[in-house]
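These numbers were taken from a predicted model, which means no experiment stands behind them. All values below were derived from every heavy atom in this structure, side-chain atoms included, with hydrogens, water molecules and symmetry-related copies excluded. Labels below follow one simple rule: chain letters A, B, ... track the order of the sequence lines, proteins then strands, and each chain is numbered from 1.
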Protein chains: 4
Amino acid sequence: MVDGSGRGRPRSESARAAVLHAVDDLLVEVGYAALTMKGIAERAGVGRQTVYRWWSNKAEVLYEASAIDAREELSVPRSDDPLKDVKAYLDALVAFLAHSHAGAAYRALMGEAQHDAEVAALLASRDILGESAAEVVEAVRERSDTTLSLEQATALLIGPPFFHILTGRDAGGIDTERLTEQFVRTLNHPGA
Amino acid sequence: MVDGSGRGRPRSESARAAVLHAVDDLLVEVGYAALTMKGIAERAGVGRQTVYRWWSNKAEVLYEASAIDAREELSVPRSDDPLKDVKAYLDALVAFLAHSHAGAAYRALMGEAQHDAEVAALLASRDILGESAAEVVEAVRERSDTTLSLEQATALLIGPPFFHILTGRDAGGIDTERLTEQFVRTLNHPGA
Amino acid sequence: MVDGSGRGRPRSESARAAVLHAVDDLLVEVGYAALTMKGIAERAGVGRQTVYRWWSNKAEVLYEASAIDAREELSVPRSDDPLKDVKAYLDALVAFLAHSHAGAAYRALMGEAQHDAEVAALLASRDILGESAAEVVEAVRERSDTTLSLEQATALLIGPPFFHILTGRDAGGIDTERLTEQFVRTLNHPGA
Amino acid sequence: MVDGSGRGRPRSESARAAVLHAVDDLLVEVGYAALTMKGIAERAGVGRQTVYRWWSNKAEVLYEASAIDAREELSVPRSDDPLKDVKAYLDALVAFLAHSHAGAAYRALMGEAQHDAEVAALLASRDILGESAAEVVEAVRERSDTTLSLEQATALLIGPPFFHILTGRDAGGIDTERLTEQFVRTLNHPGA
DNA sequence: GCGTAAGCGAGACGGTACGTCACGTCTTCCA
DNA sequence: TGGAAGACGTGACGTACCGTCTCGCTTACGC
């Protein structure tokens with residue numbers, strides 16, 4: 001029993017699913033800016049109060065709706081070639097940020113976080129990009145004798161394509177092969 | 001004569017200034033999310049229509065209000081030592097993004113651009129970060145034999161701190177000295 | 001159940017009453033021209049949307065607010081002397097049109113109806129003046145052998161004071177005694 | 001010289017005519033409610049200030065634009081048969097109030113006067129209906145020995161059709177022949 | 001014939017009401 | 001007793017018109 005008492009009508013799992021489904025659809029159909037709690041509730045065939053009961057704003061709904069997708073899209077199978085894994089991760093990252101629905105949601109939330117402390121806290125609670133990169137970055141770090149922290153190395157890897165895409169440049173201009181080489185070389189350089 | 005005809009009452013420069021001043025103040029006081037066209041007009045002591053006449057949304061007002069500041073804060077004097085210049089630029093960039101008012105405005109607009117095509121177009125019309133970095137990046141590029149484009153090199157330089165700050169990490173964790181070395185070394189590496 | 005389903009929060013009767021009360025007060029205080037939906041809502045301590053939800057413009061609110069008063073002020077007790085009743089009705093009519101609040105509202109609506117089809121339709125849906133006169137006119141008509149329709153007879157009775165007051169003449173100049181005699185005589189004249 | 005000094009550019013007669021013409025057209029095209037000073041000025045190809053310089057509101061423009069037409073439409077040639085003249089006048093009155101453009105303007109102004117003291121004063125300055133009826137009413141009055149004042153007799157004549165039309169009833173239902181007879185008979189009745 | 005003064009069209013100004021929308025809360029009935 | 005329905009008060013949205021105020025320009029008088 002999730003609930004402390006077990007008394008009263010239990011939370012409707014179908015209502016929860018309907019809301020998450022609705023927000024997914026609406027994000028694609030009308031975009032983030034036109035997403036409204038009212039619209040989500042109506043699309044889900046759910047009372048407005050029900051949405052507010054479980055999520056306090058559209059960012060939370062959107063986060064829950066896309067976080068799982070995001071982690072999935074950004075997880076790449078490990079091989080025994082770290083360089084190949086880094087390349088694969090960068091490809092997944094570019095695809096996620098530039099082309100996926102979950103990525104659009106992430107970018108929207110990241111943007112909102114720039115001027116909304118609650119959203120910032122929400123995103124900070126789960127460093128989706130950092131976590132997803134951790135494994136591959138760690139693999140490269142281990143084999144090098146770099147003194148860079150995991151966080152610094154991660155920024156080095158993700159930063160360039162992240163900047164490229166978030167500033168509206170064409171994702172086609174990103175050469176993940178080259179970025180991989182540069183990343184690995186930087187970490188392996190003596191004294192780095 | 002700026003106007004084509006010179007007919008009619010000329011635009012009030014004082015009203016324009018009052019609006020830009022008001023938006024600057026309000027951004028600091030209430031934050032981006034709570035900025036409203038109504039609030040800007042009232043704070044500026046200006047009619048609402050007057051604001052709408054010259055700017056179509058709060059993003060445009062904010063952009064005009066902060067673009068000049070931004071260019072100023074990000075322009076660093078050139079010396080004869082490119083490495084020193086890169087470091088100075090990175091310091092200015094971190095200060096701008098993490099601590100300046102104009103930078104907060106820029107981050108807000110950049111965020112908004114993730115889910116608002118008009119704001120995206122507005123920002124794309126003036127690549128503030130790219131432009132500001134162009135000189136120092138070009139100086140390093142010229143002395144190397146890299147085949148990286150200006151855009152790619154720029155992403156390499158700006159990306160890591162940009163990612164660091166926009167994902168809410170502490171700006172204190174950025175080692176601009178080290179980033180400078182890594183950037184220059186990457187460009188100078190044979191075959192890069 | 002008035003509503004089809006009975007679902008959802010029921011209409012707030014107190015909000016309705018507050019609006020009707022507010023419009024009554026405001027009409028007296030600021031006059032018809034300065035009546036605004038915004039003002040009504042604020043005075044009633046009610047959301048603007050709530051006013052629009054139940055009435056589509058100020059004419060409708062005003063109509064509902066004054067129609068009941070109007071019918072009351074214009075209803076005169078019947079006696080067994082039709083002539084006396086006609087005189088009493090004319091006195092009530094003059095008092096209503098020239099001096100009562102409800103009458104001021106009626107004149108305002110009647111005026112608005114001259115250039116607003118919706119208001120015209122609203123007034124046409126309930127011929128307040130015609131209805132109020134019907135009983136006394138009918139009583140006189142029955143006792144005569146006139147071929148005048150009820151409508152024609154009504155215009156004959158109401159027309160002169162109506163014209164007098166609406167064209168801004170002093171209501172004191174209306175001799176209801178004489179108008180009564182003339183009305184009754186006209187209906188009773190052979191061949192009329 | 002109308003002007004005190006005669007100095008400065010004289011009033012443009014063409015601008016005046018253009019405004020009066022424009023307000024006539026617009027009344028027909030968009031109706032009274034949608035008439036605006038802005039619209040009038042634009043339609044006349046005239047500066048907004050020019051309209052305000054000579055008329056203080058739309059009622060004044062409309063009044064000047066339609067008063068002459070009104071007097072013309074309501075003036076009927078005198079014959080040596082007063083009864084025939086009264087009938088002709090009533091026909092002209094019904095045509096004016098129910099079907100003419102100038103009449104529509106008059107009804108609009110009369111309506112506005114019910115809740116706008118300035119418009120009321122404007123209309124009171126020229127009792128268009130009363131003046132137009134004076135001649136025929138006086139002719140009948142002279143031949144009778146009635147003690148009714150001109151004003152009372154006028155209300156008796158104009159009232160019924162006025163009420164009929166202003167309360168939105170079909171003008172076709174007005175029997176001017178019969179109204180004429182009733183009017184004349186009432187004035188001629190001994191003791192009236 | 002030149003200066004002064006007022007009217008001209010244009011159009012921006014500070015205001016304010018419009019009618020709509022979404023917010024987040026509330027009050028009802030139904031399952 | 002949770003959930004749907006939907007009304008509630010609040011307040012921003014973007015538009016329209018208000019009446020006023022510059023503008024540069026066009027007359028027309030009077031010195």
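Phosphate contact (OP1/OP2 of dA7(F), side-chain N/O of S12(C), threshold under 4.0 Å): absent. Distances shorter than 4.0 Å separate some side-chain N or O of T50(C) from OP1 or OP2 on dG9(F). The side chain of R53(A) places an N or O atom within less than 4.0 Å of a non-bridging phosphate oxygen (OP1 or OP2) of dG3(F). Phosphate contact (OP1/OP2 of dA10(E), side-chain N/O of R9(B), threshold under 4.0 Å): absent. For dG2(F), the OP1/OP2 oxygens have no side-chain nitrogen or oxygen of W54(A) closer than 4.0 Å.
Regarding R11(D), its CZ atom lies at a distance of 22 Å from the P atom of dT26(F), rounded to whole Å. Going from atom CD1 of I40(D) over to atom P of dG19(F) covers 11 Å, rounded to whole Å.
Near DNA chain F, meaning a heavy atom under 4.0 Å away, there are no residues from residues 13-28 of chain C.
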remark   = Whether each nucleotide of nucleotides 16-21 of chain E has a protein heavy atom under 4.0 Å at its base (B), only at its sugar-phosphate (S) or at neither (-) is summarised, 5' to 3', as -BBBBB
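How far OG1 of T50(A) is from CH2 of W55(A): 9.5 Å, rounded to the nearest 0.5 Å. Here the CD1-OG distance, from I128(A) to S66(A), works out to 6.5 Å after rounding to the nearest 0.5 Å.
Using modelled atom types, one side-chain atom of K58(B) and one backbone atom of Y32(B) make a donor-acceptor pair closer than 3.5 Å.
Checking dC23(F), dA5(F), dG3(E) against every side-chain atom of P10(B), the shortest atom distance belongs to dC23(F).
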Under 3.5 Å, which donor-acceptor pairs link side chains of residues 106-114 of chain B to any protein atom two or more places apart or in another chain?
from: R107(B); atom 1: NE; to: L97(B); atom 2: O; distance (Å): 2.9
from: R107(B); atom 1: NH1; to: Q114(A); atom 2: OE1; distance (Å): 3.1
from: E112(B); atom 1: OE1; to: H115(A); atom 2: NE2; distance (Å): 3.3
from: Q114(B); atom 1: OE1; to: R107(A); atom 2: NH1; distance (Å): 3.1
from: Q114(B); atom 1: NE2; to: L166(A); atom 2: O; distance (Å): 2.9
from: Q114(B); atom 1: NE2; to: M110(B); atom 2: O; distance (Å): 3.1

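Note on residues 16-33 of chain C: pairs passing salt bridge (charged side-chain N to carboxylate O under 4.0 Å, His left out), not counting sequence neighbours, are E13(C)-R16(C), R16(C)-E64(C), D25(C)-R43(C), E29(C)-R43(C). For residues 30-39 of chain C, the pairs satisfying salt bridge (charged side-chain N to carboxylate O under 4.0 Å, His left out) are K38(C)-E42(C), with sequence neighbours left out.
Residue-to-nucleotide proximity on DNA chain E shows that, of G45(B) and A44(D), the 5′-proximal contact is made by A44(D).
Nearest approach of S125(C) to L122(C), heavy atoms of both residues: OG-O, 2.5 Å.
Remark: R9(C) pairs with no residue by the salt bridge (Lys or Arg N to Asp or Glu O under 4.0 Å) rule, at least two apart or across chains.
Side chains of Y52(C) and N57(C) form no contact here, defined as non-hydrogen atoms less than 4.5 Å apart.
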